Visitor: 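Okay, here's the structure, questions in a sec.
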Amino acid sequence: MGNRGMEDLIPLVNRLHEALGSVGHSCSLQLPQIAVVGGQSAGKSSVLENFVGRDFLPRGSGIVTRRPLILQLLHANTEYGEFLHCKGKKFTDFDKVCKEIEAETCRVTGSNKGISSVPISLRIYSPHVLNLTLVDLPGITKVPVGDQPADIEYQIRDMIMQYICNENCLILAVSPANADLATSDALKLAKDVDPQGQRTIGVITKLDLMDGGTDAREILENRLLPLRRGYIGVVNRSQKDIDGKKDIKAALDAERKFFLSHPSYKHMAERMGTPYLQRILNQQLTNHIRDTLPAFRSHLQSQLLALNKEAEEYRKYSPDDPARRTKTLLQLVQRLAVDFEKLIEGSGDKVDTVHLSGGAKINRIFHERFPYELVKIKFDEKKLRQEINYAIRNIHGVRTGLFTPDLAFEAIVKKQILRVTGPCMKCIDMVSQELITTVYQCIDKLTSFPTLRNETERIVTSEIREQESKCREQVMLLIDIQLAYINTRHEDFVGFTNGQQMYTQGNKKVPERMTGNQVIRKGWLTLNNISIIKGGAKEYWFILTAETLSWFKDDAEKEKKFMLPLDNLMLKDVEKGFMSSKCAFAIFSTELRNVYKDYKCLELACNSQEELDSWKASLLRAGVYPEKIPVDERGNGAPEIFMDPQLERQVETIRNLVNSYMNIIYKTIRDLLPKTTMHLMINSVKEFIGSELLAQLYALGECSALMDESPEQQQHREEVLRQHTALKEALAVIGEISTTTCTTPLPPPVDSSWIQPSSATQPKNSVRGHRATTRGHAPQAPLGRAASLSSRGRKQLSGHLNRAPSVPSRQPPPVPKVK
């Protein structure tokens with residue numbers, strides 16, 4: 001009975017299959033088993049029937065095994081079969097077992113010759129078997145038959161790979177003796193996934209069909225084409241025997257007589273035949289289970305530990321208990337308030353390292369987007385001068401004024417203040433939208449209770465809109481306050497006298513710029529000003545300071561490519577190039593000089609609009625402002641020529657005064673808008689969620705309906721509890737067995753380089769990588785004429801060793817989820 005000290009291990013694994021199969025864990029945990037691999041008509045099914053001693057597998061021409069058959073053999077006093085899809089139904093007639101396999105195969109694959117990776121699970125109890133778990137896989141074929149797809153060969157190979165890639169799977173490579181073993185598809189596939197031969201067992205069938213005068217003695221003695229675990233020879237029933245209903249017991253007796261009487265095999269007859277193969281597989285599978293059991297137990301324990309907390313909560317949870325529903329509602333609302341505050345105020349746990357969100361994004365709106373929107377309306381020199389010109393002339397009327405009218409200054413300033421309204425409202429919109437996005441992010445955790453989630457979303461969103469409206473009113477009030485009184489006595493205002501002196505001295509106001517050479521920003525940008533001959537656009541590491549824009553080859557900042565002074569530079573938007581996903585902008589000189597080599601402008605690009613806006617805001621801090629294309633009311637863009645020197649002096653004076661006063665307004669608005677928004681919107685919404693939300697939910701009067709679970713949550717809870725129970729049961733099953741026993745050590749390594757792997761070069765991650773590769777041409781078919789494996793086999797072997805692999809490089813596919 002194989003390894004007697006561990007006889008319970010194989011039934012134990014079968015119980016694990018049953019316990020974990022109900023929750024879809026059996027394949028992901030990779031339970032130990034034996035996969036039977038071989039070419040079409042290699043004799044795989046006959047070997048399995050010999051193990052059982054019954055005819056129970058479908059037979060016919062072409063592909064007969066079209067779905068994997070997980071065959072669990074269990075030693076028992078009675079003989080019957082059970083299917084996993086027909087639990088509780090015992091099949092004592094093995095002809096009905098065969099018909100059920102055919103019916104279940106057709107149910108999934110149809111009546112044609114298609115295949116499916118969904119397995120059929122069959123458990124056979126018999127006093128004539130040893131405990132074994134085997135997977136009978138479809139035979140490797142070369143040519144599509146009937147309605148089969150053109151890539152049927154690759155589909156079968158992929159299915160086989162799904163099983164034999166499992167490190168806990170022993171590979172039973174079945175090859176017929178009347179074909180050249182060096183071209184065996186089964187051994188080639190095994191070589192791909194088991195290059196050291198630690199999991200591969202060779203089986204040679206059809207020994208009685210070899211050409212006269214030839215034998216496979218040196219193969220079976222593991223001397224000519226060695227495998228680490230060696231070969232075992234078997235003799236199956238011929239097709240004539242099968243058609244004549246020859247009894248399997250009689251066939252086993254004939255097999256034994258064949259080995260005892262054959263001159264080449266009689267000295268090793270005790271190590272040949274189906275009974276010996278069954279004992280060896282029982283022993284090696286048992287030892288394999290024993291070796292993998294500690295790691296398997298650790299894997300189960302880690303999964304159980306991960307589910308413990310959630311399963312404990314679900315076990316105590318009673319969906320229909322009003323007290324439990326109320327407590328859960330309170331906990332969920334409290335968690336929502338905490339999560340919202342963390343996202344707004346910032347937190348050290350669960351930090352998003354990919355995108356800005358919540359408070360960080362609002363901070364960026366306050367200090368990058370809003371200042372940039374203000375600057376875009378701040379510098380429109382031509383339009384401003386034109387408005388001042390018209391205001392002065394309209395105030396003087398038919399008379400020619402000798403003095404600069406202060407009414408013109410006040411009219412222009414009020415008009416400029418009103419233009420601030422647009423950026424302020426846009427900033428409030430962006431903050432409101434970010435608050436709503438943050439709320440959505442928080443209430444996603446309420447998806448288990450859809451009614452509660454919908455009501456919470458409605459209530460909080462309504463509160464945000466209400467506070468947004470209040471914030472808009474307050475900001476409009478701030479602007480009205482600025483319009484109500486123009487304070488020309490402000491300490492930062494230059495006054496009329498200084499404004500006239502600025503014109504007289506010719507000191508036109510230069511936009512404020514940071515002093516010193518302080519570093520403002522660093523980052524990667526794509527430089528588009530490179531010809532295609534020199535490689536086209538390239539990425540460089542840019543450093544922006546208060547005075548220069550420099551770029552380097554990389555972020556090591558050792559090899560400087562160029563340094564551009566920022567004097568008299570402006571920036572403008574550039575349309576995206578054809579087939580380009582990057583956002584671009586350009587820097588140019590107001591003096592129309594070359595900025596970079598022979599280029600009038602420097603074209604730069606970044607990966608996203610957010611990054612583009614951030615760079616623009618940084619350039620503003622350095623004094624590089626956006627370009628404005630001013631036009632008059634009639635659409636004319638040419639500057640107006642002042643014919644009156646006195647009028648030109650008055651326009652310039654008022655322009656300086658307006659710039660001075662508007663700088664005060666911009667500074668005030670930049671300071672007050674974030675404070676107002678923070679107080680009326682962000683803090684108010686945060687306080688509302690923490691203190692008022694629960695009361696409003698209770699005010700709905702439908703607390704019971706709020707806590708109705710979604711069907712998905714009910715299914716998830718039941719699934720977690722099933723998994724937790726199955727894992728505990730599996731660990732209990734493992735705990736019942738002692739692994740203290742004697743074992744047969746693995747044979748030493750042998751030179752198996754004679755096997756041509758089915759990929760040109762063995763990739764490093766051929767077993768675990770599972771990376772998809774391009775499918776090549778179909779591999780060559782095996783040798784057409786039967787070749788012997790003795791004298792002629794040696795002569796042909798050298799040619800096979802030097803031949804390039806015939807199968808294209810294909811990575812093994814992932815292991816399927818067998819339920």
Side-chain angles (χ1 to χ4, degrees), residues 14 17-18 21 26-27 33-74 76 78-126 128-129 132-141 145-148 152 155-156 159-160 162-163 172 174 205 236-237 239 241-243 245-248 251 274 278 816 818-819:
N14 292 337
H17 270 288
E18 186 175 357
S26 58
C27 193
Q33 57 194 4
I34 299 174
V36 185
V37 182
Q40 188 174 308
S41 302
K44 304 187 308 301
S45 297
S46 296
V47 171
L48 297 180
E49 287 183 335
N50 288 348
F51 286 168
V52 178
R54 294 280 188 171
D55 291 313
F56 68 96
L57 293 176
R59 293 184 177 276
S61 60
I63 298 179
V64 179
T65 304
R66 295 186 286 129
R67 289 177 59 184
L69 176 66
I70 299 178
L71 181 61
Q72 298 176 358
L73 304 181
L74 296 171
T78 56
E79 188 176 36
Y80 63 93
E82 281 185 346
F83 287 94
L84 185 62
H85 62 272
C86 299
K87 271 193 172 181
K89 183 178 180 180
K90 294 183 179 181
F91 291 80
T92 56
D93 185 350
F94 281 84
D95 288 337
K96 293 184 179 180
V97 171
C98 179
K99 292 179 181 179
E100 181 63 29
I101 293 175
E102 291 177 340
E104 180 64 14
T105 300
C106 292
R107 187 183 65 83
V108 175
T109 62
S111 57
N112 60 9
K113 296 293 184 178
I115 64 171
S116 171
S117 60
V118 180
I120 300 173
S121 294
L122 171 62
R123 181 174 293 178
I124 292 181
Y125 298 84
S126 173
H128 310 299
V129 301
L132 275 179
T133 300
L134 307 108
V135 182
D136 185 22
L137 296 168
I140 303 167
T141 186
V145 177
D147 297 332
Q148 289 177 347
I152 185 66
Q155 290 188 25
I156 293 174
M159 184 190 303
I160 293 172
Q162 290 171 357
Y163 284 88
L172 193 65
V174 180
T205 63
N236 298 326
R237 293 177 299 168
Q239 189 61 44
D241 294 336
I242 295 172
D243 295 339
K245 301 294 183 180
K246 183 177 181 179
D247 184 65
I248 292 181
T274 301
Q278 194 173 4
V818 180
K819 293 187 179 180

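Count residues from 1 along the sequence. Owing to the predicted nature of the structure, the values given are computational and were not obtained by experimental measurement.
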Visitor: So, using ring-ring contact (aromatic ring centres under 6.0 Å, His included) as the criterion, who are the partners of F91 when residues are at least two apart?
Guide: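 F83.
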
Visitor: Taking the side chain as C-beta and beyond, is there a heavy-atom pair between Q33 and L134 under 4.5 Å?
Guide: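 Answer no - side chains too far apart.
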
Visitor: Between V36 and L48, is any pair of side-chain heavy atoms under 4.5 Å apart?
Guide: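 In contact.
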
Visitor: Hey, could you give me the CZ/SG distance between R54 and C98, rounded to the nearest 0.5 Å?
Guide: 13.5 Å

Visitor: Walk me through it: do I156 and I115 pass the test side-chain contact (heavy atoms from CB on, under 4.5 Å)?
Guide: CA-CA 8 Å; I156 293 174; I115 64 171; 3.7 Å; yes

Visitor: Run the salt bridge (Lys or Arg N to Asp or Glu O under 4.0 Å) test against E100 and tell me which residues pass, sequence neighbours left out.
Guide: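 Expected list: none.
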
Visitor: With side chains defined as the heavy atoms from C-beta onward, is the minimum distance between N236 and N50 less than 4.5 Å?
Guide: yes

Visitor: So how far is it from R67 CZ to L137 CG, rounded to the nearest 0.5 Å?
Guide: 13.0 Å

Visitor: Can you name the nearest heavy-atom pair linking V52 to L73, along with the distance?
Guide: CG2-CD2, 3.6 Å

Visitor: For residues L71 and I124, determine if any side-chain heavy atom of one lies less than 4.5 Å from a side-chain heavy atom of the other.
Guide: yes

Visitor: Within the 4.5 Å heavy-atom criterion, are E104 and H85 side-chain neighbours or not?
Guide: yes

Visitor: With rounding to the nearest 0.5 Å, note down the distance linking CG in L69 to CG in D136.
Guide: 6.0 Å

Visitor: To check you understand the geometry: which heavy-atom pair defines the closest contact between E49 and I248, and what is its length?
Guide: O-CD1, 3.6 Å

Visitor: For residues I160 and P138, report the shortest heavy-atom separation together with the two atoms involved.
Guide: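 Closest pair (atom of I160, atom of P138, distance): CD1-O, 3.9 Å.
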
Visitor: If you look at every heavy atom in Y125 and R123, which pair is closest and at what distance?
Guide: OH-CD, 2.9 Å

Visitor: Taking the side chain as every heavy atom from C-beta outward, state whether V97 and L122 have any atom pair closer than 4.5 Å.
Guide: yes

Visitor: Is any side-chain heavy atom of I101 less than 4.5 Å from a side-chain heavy atom of L57?
Guide: yes

Visitor: For P68 and S116, which heavy atoms make the closest approach, and how far apart are they?
Guide: CD-O, 3.2 Å

Visitor: Look only at the side chain of T205 and the backbone of A42, and say whether a donor-acceptor pair between them is shorter than 3.5 Å.
Guide: yes

Visitor: Look up atom CD in Q278 and atom NE2 in H128, then write down how far apart they are to the nearest 0.5 Å.
Guide: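 Q278 CD to H128 NE2: 11.0 Å, rounded to 0.5 Å.
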
Visitor: Quick one: does Y163's side chain get under 4.5 Å of S117's, heavy atoms only?
Guide: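 A side-chain contact under 4.5 Å is absent here.
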
Visitor: Report the distance from atom NZ of K99 to atom NZ of K96, rounding to the nearest 0.5 Å.
Guide: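 Between K99 NZ and K96 NZ, I get 8.0 Å after rounding to 0.5 Å.
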
Visitor: So, for G39 and K44, which heavy atoms are closest and what is the spacing to 0.1 Å?
Guide: O-NZ, 3.7 Å

